[in-house]
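Model, not experiment: these values are computed from the prediction. Values below: every heavy atom of this structure, side chains too, minus hydrogens, waters and symmetry copies.
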Amino acid sequence: MFRFVSFVSLALSLALPAIAEAQDKPKQLVMISFDGAHDNALWTKSREIASRNGAHFTYFLSCTFLMNHDQARVYQAPGQKVGKSNVGFAKSDDDVRTRIANIWGAHLEGHDISSHACGHFDGKSWTSTDWQQEFMSARMALRDAWKNVGEADKEPTGWQEFATRDVKGFRAPYLSTSDGLVPAEKAMGFEYDASLVTKGPTLPQLVDGIYRFGLPLIPEGPDHHPVIGMDYNLYVHHSKGVEDKADSKSFEDRTFDAFEAAFAKQYDGDRIPLQLGFHFVEMNDGAYWRALDRFVSDVCHKDGVACVSYSQAIPLIAARGKQQQG
């Protein structure tokens with residue numbers, strides 16, 4: 001009996017440090033985001049992936065996809081002609097109706113609806129006033145979306161508050177910023193920006209009250225080439241930005257392996273949040289969305305992992321007390 005008790009005591013003494021170490025580690029945060037947020041079929045698909053895996057995503061909405069023909073004729077971005085957009089406009093009023101129903105549904109499900117501005121222009125030379133002009137265009141397009149498609153009577157209770165106060169984050173088109181961006185974000189009441197690129201996963205910088213997040217470079221492929229953790233950058237790396245359906249499965253597997261390796265390095269290490277970005281476009285025959293589905297289905301169920309929106313991540317990161325001051 002003594003020998004048995006001693007053995008149990010020894011086993012517990014060896015196990016306790018490992019248990020304590022696991023409890024001391026912060027949650028591994030995984031933040032999945034989407035730029036554009038326009039294709040309604042992909043709204044449905046992304047929400048289903050999230051629901052199935054207990055995840056919350058961030059949608060960076062391009063506001064021209066809330067604009068029908070009449071609004072498109074009067075929209076003007078800083079330094080651009082009236083009615084111009086690099087990503088186009090909504091196909092029809094019905095297209096907008098479906099999209100705003102998806103936006104509201106995602107909001108109620110706890111996802112972040114954030115801003116990708118409007119016409120997807122490069123703001124590298126924009127002043128703070130320019131950025132604020134574009135942000136205000138986005139806010140008004142979202143606020144008035146139901147009315148603009150003739151369905152003001154169907155606008156959900158709380159939509160106005162949501163549209164004017166609950167859009168708290170921004171990602172710049174082309175990840176292109178200027179010195180005027182942070183002051184404009186602060187003036188508009190934003191809490192975070194996700195427009196940076198970092199050498200690897202890092203904690204956000206806190207700049208003048210704005211949390212600044214960066215998509216990381218992650219090793220990919222047999223040569224471990226560093227690529228921004230975003231579908232478009234993988235698309236360019238894999239097929240030079242040209243559709244290659246024949247190699248779609250190979251691209252999917254390579255992407256999934258890169259995501260898993262980037263995750264494992266943090267999960268088994270310092271648990272720096274991992275950020276991955278996508279677009280509402282299925283490039284290379286859907287390779288990157290299939291990799292996304294596999295990845296989320298795998299990691300979001302693991303112990304000590306939280307697949308969260310940027311807004312949900314901020315208090316968890318702040319609690320660590322290690323955010324970098326900018």
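- Salt-bridge check for Arg294 with Asp298: failed, with every basic side-chain N at 4.0 Å or more from each acidic carboxylate O.
- Screening Lys91, His279, Arg99 for a side-chain contact (heavy atoms from CB on, under 4.5 Å) with His38, the sole residue that qualifies is Arg99.
- Salt bridge annotation for Arg52-Asp293: present, with a cationic side-chain nitrogen under 4.0 angstrom from a carboxylate oxygen.
- Inter-residue side-chain proximity for Tyr267 and Val299 is flagged as unmet; no heavy-atom pair is nearer than 4.5 Å.
- With Glu134 contributing its side chain and Gly119 its backbone, the two residues share a donor-acceptor pair below 3.5 Å.
- Taking each heavy atom of Gly123 and Ser178 in turn, the nearest pair found is O-CB, 3.5 Å.
- Less than 6.0 angstrom separates the ring centroid of Phe170 from the ring centroid of Phe135.
- If you run side-chain hydrogen bond (donor to acceptor under 3.5 Å, both in side chains) between Glu155 and each of Gln160, Lys147, Arg143, only Gln160 comes through.
- Annotation: side chain of Tyr174 is not in contact with side chain of Lys124 (no heavy-atom distance under 4.5 Å).
- Taking the six-membered ring for Trp, Tyr59 and His116 have ring centres at least 6.0 Å apart.
- No donor-acceptor contact under 3.5 angstrom links the side chains of Glu191 and Tyr310, judged on distance only.
- Ion pairing of Arg212 with Glu185 is absent here, as no side-chain N (NZ or NE/NH1/NH2) approaches a carboxylate O to less than 4.0 Å.
- Below 30°, between 30° and 60°, or above 60°: for Phe278 and Phe259 the angle between ring planes is above 60°, a perpendicular geometry.
- Ring-centre distance between Phe34 and Trp289: below the 6.0 Å cut-off.
- Taking both residues in full, the closest heavy atoms of Leu234 and Glu220 are given as CD2-CG, 3.6 Å, listed atom of the first, atom of the second, then distance.
- Taking every heavy atom of both residues into account, His120 and Asn86 meet most closely at O-ND2, 3.0 Å.
- You'll find the ring centres of His238 and Tyr288 inside the 6.0 Å limit.
- Between Trp159 and Ile103 there is a side-chain heavy-atom pair separated by less than 4.5 Å.
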